[in-house]
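Remarks on the structure that follows.
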2 protein chains.
Amino acid sequence: MLAMSTVETFERPLTTVDLAIFSIQDEALHVLLVKRPAAKGEPYPNLWALPGGFIDLDRDDDLEACASRKLKEKTGVVTPYLEQVGTWGGAKRDPRGWSTTTLYFALVAADSVALIPGGNAGDAKWARVDGHRVRDKLAFDHAELLQEAVERLRSKVEYTSLPAFLMPSEFTLSELQRMYEITLDRLLEKKAFRTRVLATELLEEVPRMRSGANRPAQLYKLKSRKKPIFFTRALSGERG
Amino acid sequence: MLAMSTVETFERPLTTVDLAIFSIQDEALHVLLVKRPAAKGEPYPNLWALPGGFIDLDRDDDLEACASRKLKEKTGVVTPYLEQVGTWGGAKRDPRGWSTTTLYFALVAADSVALIPGGNAGDAKWARVDGHRVRDKLAFDHAELLQEAVERLRSKVEYTSLPAFLMPSEFTLSELQRMYEITLDRLLEKKAFRTRVLATELLEEVPRMRSGANRPAQLYKLKSRKKPIFFTRALSGERG
DNA sequence: AGAATAGTGTCTCTAAGACAGTATGAT
DNA sequence: ATCATACTGTCTTAGAGACACTATTCT
């Protein structure tokens with residue numbers, strides 16, 4: 001390498017962006033996994049991994065644009081909740097050399113993402129999150145990345161409206177509460193939940209009801225699909 | 001470049017680690033700045049910037065080791081509080097090309113860091129943080145990085161024991177409260193503060209008192225210098 | 001009527017906030 | 001005694017949690 005200035009004298013690590021894309025399926029938290037390619041030179045062939053890959057320096061203006069692009073490629077979803085979890089970098093995490101990955105987590109509503117395993121056939125799947133992990137052995141340090149993403153998600157659910165981003169466009173308070181319970185993996189008290197949520201600027205009534213074999217329920221929609229609401233107190237976190 | 005495997009076909013961004021090193025000086029929050037070199041090819045010559053630089057792929061095992069190394073080089077401090085804030089990456093933030101920087105913030109006790117502006121003479125200084133910024137114009141996007149670091153610091157002070165890491169080895173409750181007030185830039189109520197702090201496992205009495213021109217105060221030390229304590233509720237954040 | 005889920009009334013509990021009061025040293 | 005700061009007593013307030021109660025639809 002030609003040393004034109006000091007910047008050239010430093011070797012550059014491999015730089016990737018990975019995604020933990022969460023969604024609720026069958027009343028359980030799921031994360032999207034993709035299968036590692038089997039081509040020669042590829043590490044961890046055929047293992048499952050979080051979707052992600054190298055930054056395209058020509059197409060990606062910044063890290064978040066890169067994450068958005070990869071999310072859209074995998075799920076078709078364009079405006080989900082997307083948050084940077086952190087960056088892992090080190091000499092050992094990729095056999096090809098010193099590498100960094102910046103991890104984002106995304107929340108997508110189940111009904112907005114019917115499209116996945118179809119385009120790339122069987123090389124992508126939703127895996128159920130059990131505790132902090134998934135049944136499959138994951139490539140690289142992705143088990144650790146996933147654990148941190150799940151922990152970030154769970155801890156933020158305690159004091160924000162994040163689960164609202166997992167909802168379809170209209171939903172009832174009971175359905176939203178169920179989404180909280182699934183992401184937290186514990187039951188919540190109905191009255192406290194409703195008071196808490198309705199005390200904020202999060203929801204707006206729509207003049208429709210959800211009918212079933214019981215009393216109809218008021219339907220709500222999000223006032224804004226932009227940023228989550230922060231509550232003044234976290235849930236206590238010990239009850240069941 | 002020779003394409004030996006797919007990994008070689010991707011250009012790699014410049015990758016750096018930067019630090020927002022905070023300390024309390026003269027009853028105010030300060031951050032350590034270094035002056036950009038004036039050598040040709042160096043962007044933003046002579047402007048102040050957050051300390052940082054390229055990863056040394058041979059010496060730095062991982063990102064945090066790199067941050068620790070740079071912190072030690074600048075301040076001599078070896079075991080401070082160090083937390084990753086996030087990673088900024090994009091095509092425009094460094095004129096030399098697509099670059100990423102991973103920002104860490106560190107909290108160092110004022111008395112543990114007498115050594116700085118001396119080694120490198122006038123190329124480093126403590127700058128007072130006013131609101132979310134500093135008087136000097138900063139290089140790159142460091143004003144934005146600093147703002148995020150300050151916001152992270154302030155918001156975590158609301159519900160953690162972070163300011164404890166800014167204290168000398170022994171201190172009184174009033175001194176700790178003052179540290180909270182300085183980092184938050186607002187006054188706190190004494191009784192509530194003491195109850196909150198003493199209800200945790202954070203502090204341990206030492207059998208000594210701080211004497212002055214008044215009633216002596218009980219001295220305390222941290223039970224652990226490792227991780228911060230998380231309180232169950234945040235401060236309300238509106239009073240003054 | 002009964003099942004099922006929506007939604008409320010009300011009490012308790014915890015920890016923050018307000019603020020006045022007492023305690024203990026130096027001068 | 002006075003001042004300054006340390007420390008406590010106690011009332012108020014906000015919001016979580018518990019839990020029983022009422023409401024409304026369907027079958």
Side-chain angles (χ1 to χ4, degrees), chain A residues 27 155-161 163 167 170-182 184 186-221 229-240, chain B residues 27 155 157-161 163 167 170-181 184 186-203 205-220 229-240:
Chain A
E27 296 267 296
S155 73
K156 279 195 95 158
V157 167
E158 300 278 355
Y159 61 95
T160 69
S161 65
M167 306 303 293
E170 294 184 3
F171 51 88
T172 69
L173 281 184
S174 294
E175 288 161 1
L176 180 60
Q177 178 173 350
R178 191 72 199 115
M179 219 48 109
Y180 270 82
E181 292 173 339
I182 290 167
L184 290 173
R186 82 175 187 263
L187 296 175
L188 298 177
E189 212 286 318
K190 180 164 55 170
K191 183 65 191 297
F193 177 81
R194 300 170 82 92
T195 310
R196 178 184 172 99
V197 167
L198 292 176
T200 68
E201 290 289 291
L202 179 63
L203 301 181
E204 196 172 354
E205 284 189 15
V206 301
R208 268 183 297 284
M209 307 291 272
R210 165 94 75 237
S211 298
N214 46 34
R215 175 172 172 176
Q218 180 64 54
L219 282 167
Y220 293 86
K221 67 187 185 79
I229 299 274
F230 285 72
F231 298 102
T232 58
R233 284 197 208 172
L235 299 165
S236 301
E238 286 308 317
R239 315 195 173 22
Chain B
E27 295 268 296
S155 73
V157 168
E158 300 277 355
Y159 62 96
T160 69
S161 64
M167 306 304 292
E170 293 184 4
F171 51 88
T172 69
L173 281 184
S174 293
E175 288 161 0
L176 180 60
Q177 178 173 349
R178 191 73 199 114
M179 218 49 107
Y180 270 83
E181 292 173 339
L184 290 173
R186 82 174 188 265
L187 297 175
L188 299 177
E189 210 285 318
K190 180 163 52 172
K191 184 65 191 302
F193 177 81
R194 301 172 82 93
T195 310
R196 177 184 172 100
V197 167
L198 292 177
T200 69
E201 290 289 292
L202 180 63
L203 301 182
E205 284 190 14
V206 301
R208 268 183 296 285
M209 307 291 272
R210 164 95 73 235
S211 298
N214 46 32
R215 173 173 172 177
Q218 179 64 53
L219 283 167
Y220 293 86
I229 298 274
F230 286 72
F231 298 101
T232 58
R233 285 194 207 173
L235 300 164
S236 301
E238 286 308 318
R239 313 190 174 28

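Reckoned from all heavy atoms, side chains included, excluding hydrogens, waters and symmetry mates. In what follows, chains are A, B, ... by sequence order, proteins preceding strands, each numbered from 1. On a predicted model such as this, the values are computed, not experimentally measured, just so you know.
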Rounded off to whole Å, could you give me the [atom1]-to-[atom2] distance for the [X] and [N] pair?
X: B:Arg186; N: C:dG17; atom1: CZ; atom2: C1'; answer: 12 Å
X: A:Gln177; N: C:dT8; atom1: CD; atom2: P; answer: 13 Å
X: A:Tyr159; N: D:dG15; atom1: OH; atom2: P; answer: 18 Å
X: A:Glu158; N: D:dA16; atom1: CD; atom2: P; answer: 12 Å
X: A:Lys190; N: D:dA18; atom1: NZ; atom2: C1'; answer: 13 Å
X: B:Arg194; N: C:dG17; atom1: CZ; atom2: C1'; answer: 16 Å
X: A:Leu187; N: D:dA16; atom1: CG; atom2: C1'; answer: 16 Å
X: A:Glu205; N: C:dG7; atom1: CD; atom2: C1'; answer: 12 Å

Can you tell me if the side-chain N/O atoms of A:Arg196 get under 4.0 Å from OP1 or OP2 in D:dG15?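 No, A:Arg196 has no side-chain N/O under 4.0 Å of OP1/OP2 on D:dG15.
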Distance check: side-chain N/O of B:Ser174 vs OP1/OP2 of D:dT5, anything under 4.0 Å?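 Result: no.
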Heavy-atom neighbours of B:Glu201 CD exceed 12 at 6.0 Å: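 Count not over threshold, so no.
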Is B:Gln218 side chain donor-acceptor paired with the D:dC7 base, going by distance under 3.5 Å alone?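 Side chain to base: no pair present.
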What about B:Lys191, does its side chain sit under 3.5 Å from the base of C:dG17 through a donor-acceptor pair?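 By the distance-only test, no, there is no pair.
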Ignoring the backbone of B:Ala192, work out which of C:dG17, C:dT8, D:dC19 is nearest its side chain.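 Of the options given, the side chain of B:Ala192 lies nearest C:dG17.
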Just compare C:dG17, D:dC7, C:dA6 and give me whichever is closest to any side-chain atom of A:Thr172.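 Output: C:dA6.
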If the threshold is 4.0 Å, N to carboxylate O, is there a salt bridge linking A:Lys221 and A:Glu170?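 Between A:Glu170 and A:Lys221 there is no salt bridge, as every charged N stays at least 4.0 Å from the carboxylate O atoms.
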So does A:Arg178 pair up with A:Glu181, basic N to acidic O under 4.0 Å?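 Salt bridge flag = yes for A:Glu181 with A:Arg178.
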Criterion side chain to side chain contact (heavy atoms under 4.5 Å, CB included) against A:Val157, the qualifying member of A:Leu184, A:Leu235, A:Ile182: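 Option passing the side chain to side chain contact (heavy atoms under 4.5 Å, CB included) with A:Val157: A:Leu184.
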For the residue pair B:Ser174 and B:Arg194, what are the closest heavy atoms and their distance?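 Taking B:Ser174 first and B:Arg194 second, the nearest heavy atoms are OG-NH1, 4.0 Å.
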Atom pairs under 3.5 Å: protein N/O with N/O of nucleotides 23-25 of chain D:
| from | atom 1 | to | atom 2 | distance (Å) |
| --- | --- | --- | --- | --- |
| D:dA23 | O4' | A:Arg215 | NH1 | 3.3 |
| D:dA23 | N3 | A:Arg215 | NH1 | 3.0 |
| D:dT24 | O2 | A:Arg215 | N | 3.3 |

What residues form a ring-ring contact (aromatic ring centres under 6.0 Å, His included) with B:Tyr180, not counting sequence neighbours?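 For B:Tyr180, the residues satisfying ring-ring contact (aromatic ring centres under 6.0 Å, His included) (neighbours in sequence not counted) are B:Phe193.
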Residues forming a side-chain contact (heavy atoms from CB on, under 4.5 Å) with A:Leu203, sequence neighbours excluded: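 Partners of A:Leu203 under the side-chain contact (heavy atoms from CB on, under 4.5 Å) test: A:Phe171, A:Leu173, A:Leu176, A:Val197, A:Tyr220, A:Leu222.
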For B:Thr232, which contact category applies under a 4.0 Å heavy-atom criterion: base, sugar-phosphate, or nothing?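 Here B:Thr232 touches the backbone only, sparing every base.
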Pairwise 5' ranking along DNA chain D for B:Tyr220 and B:Arg233, keeping only the more 5' one: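 On the 5' side of the pair lies B:Tyr220.
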